[in-house]
Amino acid sequence: MAFSSSSSSKPREGSTYDVFLSFRGEDTRYNFLDHLYAALVRYGLCVFKDDQIIQGGEKISPKLLEAIKGSRCAVVVLSKNYANSSWCLIELTKIMECHDQKGQLVIPVFYHLDPSDVRKQKRDFDTAFRQHEKSSKEIDEVNEWRGALTAISHLSGHHISDTIKEGESTTINKIVQQILDITRPRSIDKNLIGIESRIDKVLTLLRIEATQEVRLVGIYGMGGIGKTTLAQALFRRISHDFEGSSFVKNVREKSSSGGVSPLQEKILKDILGRHHNCEIEDPEDGATMIQTRLRNKKVLIVIDDVDHANQLEFLAGTPKWFGAGSRIIITTRDEHLLSDTNANYKAEILLYEQAIELFGRHAFRKNSPPEGYKELSNRAISYTGCLPLALKVLGSLLRERQADEWRSALDRLSTEPDGEILKTLKISFNGLKKSEQQIFLDIACFFKGEEKERVIRILDSFGFHPTIGVRALINKSLISVSKGKLVMHDLLQETGLHIVRESYPGSRLCEKIKDYIRNKRVMLPYLKFIELDNLDCLERFPDVSGAPNLESLELSFIWNLVEVHGSVGSHRKIVHLRIIVCSKLKCLPHRFEMEALETLEISSCGSLEIFPEVSACMVNLSAIDLHYCSNLKSIPNSICELKSLKTLNLQDCNQLRKFPEDLGSLEKLSLGFQEHPYVNRISESTNLHTLRNLCLLRVLDLNERQIEDKDFFDILDTFSSLEELYMCGNSKLVQLPTSISRLSCLKLLDLNECKQLKIIQALPSGIQRYADLDRWLSIHIPGSKIPSWFEEQQQGSEITLKLSPKCRTAIIGFASIETLSRVSSIDPSLFFSSQPKSTIFLLYPVHPWLPPSSPLPPPLTSTSNLLLKTFPYGDVMFNPRWSVLILPATSLVTLQHQPKPLTIPNPTRPIPYGLVKIRASTALS
């Protein structure tokens with residue numbers, strides 16, 4: 001029976017076959033040629049091998065000549081009887097013609113004969129040609145055969161001989177490698193936008209150059225992002241560097257329908273050749289067979305779309321299954337399955353420019369949209385979120401459609417996602433556990449862009465076990481975390497919303513929430529967080545006794561809320577209670593007995609008049625914020641039982657008339673927050689004499705209070721623990737009495753914008769002590785003259801002070817001030833005669849409304865306030881506002897005034913200067 005055969009592999013683009021084999025069957029068919037053919041097929045090459053047994057007088061088939069023309073290269077095995085066959089000589093003549101005209105690669109193999117015998121047609125070749133010439137052959141044809149033999153003998157080839165100490169298998173490997181080099185793909189599919197950079201990144205992880213190790217590399221990412229496309233491009237590029245290769249596609253789908261065994265058979269057949277016809281019934285047997293047959297082979301295997309660990313267990317159990325230099329590439333949506341790989345690559349969405357190009361190729365068959373479609377294209381690309389699959393599907397869907405059809409299709413997609421895209425993305429959802437599906441849908445509907453930890457706390461209240469559930473969604477590339485917030489691709493969110501609309505209309509949870517808002521008592525035993533805002537339908541917040549594990553309750557911007565149910569006030573688990581901007585709220589629970597409560601904020605509730613009584617059981621409550629409750633009339637005396645209370649904010653409680661008299665018993669209390677002393681302050685209507693018992697108060701904020709009652713300063717000494725006193729903006733304060741000096745603990749005194757203040761009779765001793773101990777001091781002093789306690793005062797432009805070396809241990813720095821009427825700019829290099837090496841005390845003018853980082857706007861009037869402040873050791877800190885001269889403690893300091901940065905109405909007028917020594921024992925002279 002006569003027949004021809006070729007390998008089942010597909011040839012490279014533009015050719016019918018990769019290799020054409022020309023040989024004399026009786027010499028090499030069942031030895032060298034058979035081994036060569038098997039090796040070529042094993043590397044995935046498409047090979048033509050004519051197995052027809054030639055009978056005398058038969059003509060060569062035209063199909064055979066077409067096969068020669070359609071092959072990228074030809075291997076000619078020249079053996080003893082090659083020239084006896086006219087078929088072989090006709091093949092050779094055609095091969096050399098293709099070589100000359102098309103550049104076809106020709107590889108001669110001189111099989112147990114001398115190349116010179118071929119070149120000169122000697123010995124067996126001479127005998128063969130004598131026989132051809134005696135036959136009825138035309139002499140011109142015979143001469144063509146001779147020319148073809150002479151030509152091929154001059155080509156570089158391989159010589160197999162008993163005198164050459166090289167085995168046939170070595171020669172075969174060289175031939176295969178030579179063919180692989182010329183058949184290797186030189187370029188990637190033209191439609192694979194952005195693939196090159198991704199291939200380069202994975203190649204770096206594969207480390208092909210490490211030939212003695214086996215490496216497993218994972219490619220993971222959401223569905224439709226291009227994992228398989230990337231793996232295929234890699235496979236085409238590098239598969240020829242291996243002894244065998246196999247691309248196992250759609251593992252998830254195929255294993256679910258037919259099991260793993262057919263996939264094991266495919267791997268073995270792809271690598272060992274089609275003659276390896278084995279049927280595997282038990283995956284355990286298949287795994288053993290793969291390990292046994294491939295452990296000494298350098299192989300490339302791609303396992304595509306894995307969704308379960310046992311698939312990897314049976315297809316590529318461990319690196320020991322494969323020979324040195326092998327590479328295993330795994331694509332999956334679930335990063336968790338890649339725990340045993342050497343390295344992993346997260347597939348990335350396309351850049352916007354790449355997305356435009358890919359979309360354009362599918363929608364318009366060119367790289368960019370034509371005029372009239374640019375805005376529509378941007379809208380379509382925005383919908384896809386630059387996901388490659390969606391770009392291809394949507395581009396193909398809109399191809400050759402009119403602009404109005406585009407608009408209609410895009411409008412429809414906002415409510416009805418494309419079926420093909422949805423089908424792909426739902427695969428990941430269907431593979432989730434039930435609780436993970438619930439978490440996915442909740443994130444899609446409510447929590448996209450929210451803080452991860454906050455969402456976990458909320459979901460935990462529903463018993464979803466969100467810590468492991470959220471991690472599972474991250475592993476499966478359904479969500480990610482950026483800067484602590486949950487991120488979900490727009491199409492995945494759209495998929496989730498579609499699932500909810502389709503499968504969960506009127507869900508049980510939604511009905512419970514509706515019942516809850518309708519003031520029905522609903523059992524929600526796992527609920528831990530309630531946050532309601534902008535809910536106009538809510539007038540009375542309902543009973544929370546059915547939510548015994550509630551930890552946080554926040555109601556904000558609920559404009560029609562009038563009443564909060566009494567069960568809130570007796571709840572035992574609420575830690576944070578926050579009710580803000582509920583302008584109609586009038587009724588709170590009559591008493592708070594909330595044992596777990598730590599923070600209580602009821603702010604900007606302008607209709608609230610009565611603050612509830614509180615219980616001593618609230619030992620954890622540390623902060624009460626009632627700011628902007630403008631109609632609040634009183635604070636109950638029971639608040640004094642809150643021994644842990646640290647902060648009480650009553651800013652803009654303008655109607656407050658009654659204040660507890662025993663607040664002094666609260667050892668930790670600060671009136672106003674230290675962090676924001678200029679924002680939180682006591683109401684102007686508060687009778688300050690009610691504060692006289694606050695002997696343990698540490699911070700007192702009286703900013704903007706216009707204090708006229710001179711008796712108030714007589715009670716200041718009762719604040720024996722006071723550390724910070726803020727009295728900014730008191731335009732009626734003229735004299736700071738001596739009683740303030742009795743505040744021995746005072747570290748900070750702020751008198752900024754007290755423009756009428758004329759006299760400071762004394763400063764607290766605590767300021768001096770803390771200035772020395774803590775290296776920090778802040779005093780605001782108004783006026784246009786240099787204070788009298790500056791030791792050196794004079795007119796001019798220079799101060800020269802010579803000190804004795806002995807005084808260096810006592811003096812730690814100096815402060816100097818010049819009073820200016822106008823400043824345009826200041827260059828610090830013009831002021832400092834040397835770098836300071838000790839503590840610096842700085843005195844400078846401050847404009848009260850000027851932000852800290854702003855430049856000083858002219859004019860800076862001479863009535864601006866003055867600030868004395870210390871800085872730690874090190875470089876001088878400079879600010880554009882400062883108009884000061886700073887002196888370190890050096891033996892001799894000469895400070896030359898530089899007029900360049902200053903703008904003064906009368907430059908001829910002398911400038912007043914002041915200088916003060918800062919001693920270690922006394923902060924101020």
Side-chain angles (χ1 to χ4, degrees), residues 4 19-37 48-61 64-65 67-69 71 73-101 104-168 171-172 174-175 178-179:
S4 295
V19 187
F20 181 92
L21 296 179
S22 178
F23 61 97
R24 183 68 165 126
E26 63 185 73
D27 291 341
T28 60
R29 176 179 282 117
Y30 300 115
N31 43 56
F32 176 80
L33 196 285
D34 188 55
H35 298 316
L36 175 61
Y37 175 78
F48 183 92
K49 178 168 72 78
D50 182 27
D51 286 330
Q52 187 170 358
I53 300 175
I54 302 170
Q55 304 295 330
E58 291 185 8
K59 292 184 177 181
I60 190 168
S61 167
L64 189 143
L65 297 178
I68 295 173
K69 290 174 61 178
S71 298
C73 67
V75 178
V76 180
V77 183
L78 298 161
S79 57
K80 178 180 179 180
N81 296 303
Y82 186 88
N84 293 343
S85 169
S86 59
W87 272 36
C88 289
L89 293 172
I90 293 172
E91 285 179 4
L92 178 62
T93 303
K94 188 64 177 179
I95 288 170
M96 295 311 296
E97 178 185 317
C98 292
H99 172 72
D100 294 336
Q101 295 179 1
Q104 185 184 73
L105 174 67
V106 178
I107 303 173
V109 179
F110 302 96
Y111 188 76
H112 292 290
L113 54 81
D114 192 328
S116 65
D117 292 348
V118 178
R119 185 179 308 115
K120 299 177 181 179
Q121 289 96 54
K122 297 190 302 183
R123 296 184 176 87
D124 294 325
F125 281 74
D126 179 57
T127 303
F129 272 95
R130 288 179 184 274
Q131 184 63 38
H132 290 313
E133 289 171 348
K134 288 181 181 179
S135 303
S136 60
K137 305 293 182 184
E138 294 182 6
I139 190 64
D140 291 341
E141 185 178 31
V142 173
N143 288 336
E144 285 183 358
W145 296 348
R146 285 183 181 275
L149 282 170
T150 301
I152 196 172
S153 68
H154 286 94
L155 297 179
S156 175
H158 302 273
H159 190 190
I160 297 175
S161 171
D162 294 336
T163 62
I164 298 176
K165 303 301 181 182
E166 184 175 88
E168 291 188 6
T171 302
I172 288 173
K174 290 180 179 179
I175 296 171
Q178 189 176 355
I179 295 172

Checking F20 now: which residues fulfil ring-ring contact (aromatic ring centres under 6.0 Å, His included) with it, not counting sequence neighbours? F48
Are the side chains of L149 and W145 in contact, using a 4.5 Å heavy-atom criterion? no
Working to the nearest 0.5 angstrom, can you tell me the gap between F23 CZ and T28 OG1? 6.0 Å
With the threshold set at 4.0 Å, does a side-chain nitrogen-carboxylate oxygen contact exist between R146 and E144? no
Value rounded to 0.5 Å, distance of OG1 in T163 from NE2 in H112: 9.5 Å
Under 3.5 Å, side chain of Q121 to main-chain N/O of V118, donor-acceptor pair present? yes
Going by atom type alone, with no hydrogens or angles, which donor-acceptor pairs under 3.5 Å involve a side-chain atom of residues 88-96 and a protein atom two or more places apart or on another chain?
{"residue": "E91", "atom": "OE1", "partner": "S22", "partner atom": "OG", "Å": "2.8"}
{"residue": "T93", "atom": "OG1", "partner": "L89", "partner atom": "O", "Å": "2.8"}
{"residue": "K94", "atom": "NZ", "partner": "E97", "partner atom": "OE2", "Å": "3.4"}

With a 4.0 Å cut-off on N to O distance, would you call K80 and D27 a salt bridge? no
Whether H159 side chain and L113 backbone form a donor-acceptor pair below 3.5 Å: yes
Using a 3.5 Å distance criterion without hydrogens, assess whether the side chain of S85 forms a donor-acceptor pair with backbone atoms of N81. no
Set of residues satisfying ring-ring contact (aromatic ring centres under 6.0 Å, His included) with respect to F125, sequence neighbours excluded: none
Do the non-hydrogen side-chain atoms of V75 and V109 ever get within less than 4.5 Å of each other? yes
From CG (L36) to CD1 (I172), nearest 0.5 Å: 5.5 Å
